[in-house]
Amino acid sequence: MLETANRIGYSLSRLGTETFRVFNPYTQTELPGDFAVATVAEVNLAAEKAWQAWQEYRHFSGRQKAVFLRAIAAELEALGETLIARVMEETALPRARVEGERGRTCGQLRMFADLVEDGSWVQAIIDTALPDRKPLPRVDIRNMLQSTGPVVVFTASNFPLAFSTAGGDTASALAAGCPVIVKAHASHAGTNALVSDAILKAAKEAQMPDGVFASLQDAGIRVGTQLVQHPRVQSVAFTGSFQGGMALYKAAQQRQDPIPVFAEMGSVNPVFALPGKLESDAEQLAAEIAASVNLGAGQFCTNPGVVVIQDGPHAAVFATALQQSFETLVPSVMLNRGIYENYLRARAHCLDVEGVSVGYIHPVGENERWEAYPAVATTTGANFLAQPSLQEEVFGPFTLLVRCADKAEMLAVADSFKGQLTATVFGVETELPDWRALISGLADKVGRLIFNGVPTGVEVGHAMQHGGPFPAATDSRFTSVGSSAIRRFARPVAYQNWPDAWLPPALQDANPLEIARFVNGKWVLP
């Protein structure tokens, strides 16, 4: 039977009487299981246990943490059909998507295991002493990244595994040496319970300290706010809406000791199709963009919500092809009632803006199911510039085609965008020199700049940057996807004139960890 209590370290906890249930979005019926809402006492206990666990876990070797991370991946895979079936029940996502996401989740865990086992991620920098330097001698200074302390991870609604309980935020925080307290998403509490138990089973197998992981539940915002404001919590990771991310950010800044909130808050991910591409490939491009918009019912933070073109004969062909492509798309059930209703509301708001015309929307409207019908609308570049609300994200299978009068207007539209996760340029390589200003300007506004490819699909690797200037994220210097995500949960510490035996192993003269280090201005490999 599925255990519905909170997990605080190795203990189950149900101190309060308040509970909630999860809905199956496909059938719109409640699933069995009364999930316990965490109390203030349980929030305090989880935070204190995490703090105590950190005193030990922060000193664990990369090999010890790697064993833990790989054990989590193995336990998730061992859940087999039990996990897949529960995710499908709670999200209405198809089997192939869920199985793929499980593979991505386990892949992330193993990627971070490899990273910490290698050890070079700590960025060891050594400036050895120069006692004879004139006019002043140089002291011995050594610097490396070290973990910051307990992290609160808010799980995402649209990725019940990869951005959730054992997802990238949790994996990168544990890899950095930080205990994790997960605030479970109320829409997939059963999935969270299964994954939490897998993490704790792995923690016991790997002999991790009690409190290295906890999972607390709430159908509202109280528990999350209390966690962010708890003095033992040292940072926060969040993937979701702008409103949710900013609420957590403000709560963290109101603390006596403000802490960082690494919030990825979505964007409209503008796509710019250059004239040469429209001339050579209008129909295929339209089909590719439409499929990307509708992927996963449009419930991706990299969904292409605005498409910008320069008017002309080939632009008209593309606009017609885009509308025809949308007519062939099949609607999908959205993740929950709230997301479905927000999609309808945001789409209606965009369509009500003066100067926006409907390109295609399903003729019979919506039915009683939480199905998102794809839609495309059109406006001019001048109207887009005059109506700032058209830059607001419509989370779902919707995009706005912006037809600019000329190149200058297209550049003005690009310049008007706020910070984004991605921007895409579709073009013929020979025409790129004429659009250098567009490309350079977009690079200043995004975390990832794409050429001739849709933004949906975020590779989990070492070079990925999933973040962007505000309001796409609260800190554009960091990524929430890829191995560099570990740097969110570490800070540099310099050691001056310490005896070698008292230095962390990564900084000792003999380099016992055999890692790459930056010594006296040059990289030294083991």
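- Listed by first and then second residue, the ring pair (Phe, Tyr, Trp, His ring centres under 6.0 Å) pairs that reach into residues 411-433 are F384-F417, sequence neighbours excluded.
- When each of L401, N383, V307, L322 is paired with T378, the side-chain contact (heavy atoms from CB on, under 4.5 Å) condition holds for L401 and for no other.
- The pair E99-R95 meets the salt-bridge criterion, since a charged nitrogen lies less than 4.0 angstrom from a carboxylate oxygen.
- For Q217 (side chain) and A36 (main-chain N/O), a donor-acceptor pair under 3.5 Å exists by modelled atom type.
- With L174 as reference, V180 is the one residue of V180, V153, L109 to meet the side-chain contact (heavy atoms from CB on, under 4.5 Å) rule.
- Under the 30°/60° scheme for interplanar angles, the aromatic rings of F238 and F154 are found to stand perpendicular.
- Checked against ring pair (Phe, Tyr, Trp, His ring centres under 6.0 Å), F478 has the following partners two or more places apart in sequence or in another chain: F262.
- N294 places a side-chain N or O within 3.5 Å of a backbone atom of V330 that can act as its donor or acceptor partner.
- The ring pair (Phe, Tyr, Trp, His ring centres under 6.0 Å) contacts involving residues 305-337 comprise nothing, where partners must be two or more places apart or lie in separate chains.
- Contact of the Q299 side chain with the Y343 side chain is not registered, since no non-hydrogen atoms from C-beta on lie closer than 4.5 Å.
- Atom CZ of R255 has more than 12 neighbouring heavy atoms from other residues, nucleotides or ligands inside a 6.0 Å radius.
- For T170 (side chain) and T165 (main-chain N/O), a donor-acceptor pair under 3.5 Å exists by modelled atom type.
- In this structure T239 satisfies the side-chain hydrogen bond (donor to acceptor under 3.5 Å, both in side chains) test with no other residue, sequence neighbours excluded.
- At most 12 non-hydrogen atoms from other residues, nucleotides or ligands lie less than 6.0 angstrom from OH of Y26.
- Listed by first then second residue, pairs satisfying ring pair (Phe, Tyr, Trp, His ring centres under 6.0 Å) with a partner in residues 286-306 read F159-F300, not counting sequence neighbours.
- Residues H185 and N192 are not in side-chain contact: their nearest non-hydrogen atoms beyond the backbone lie 4.5 Å or more apart.
- Pairs passing the salt bridge (Lys or Arg N to Asp or Glu O under 4.0 Å) check and including a residue from residues 393-406, sequence neighbours excluded, read D311-R403.
- V40 is listed as a side-chain neighbour of R222, based on a closest heavy-atom distance under 4.5 Å.
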**Asked** Passes side chain to side chain donor-acceptor pair (under 3.5 Å), Q108 versus T105? Steps please.
**Response** CA-CA 5 Å; Q108 288 176 155; T105 304; 4.9 Å; no
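- Of the charged side-chain nitrogens involved, at least one lies within less than 4.0 Å of a carboxylate oxygen, so that R488 and D169 count as a salt-bridged pair.
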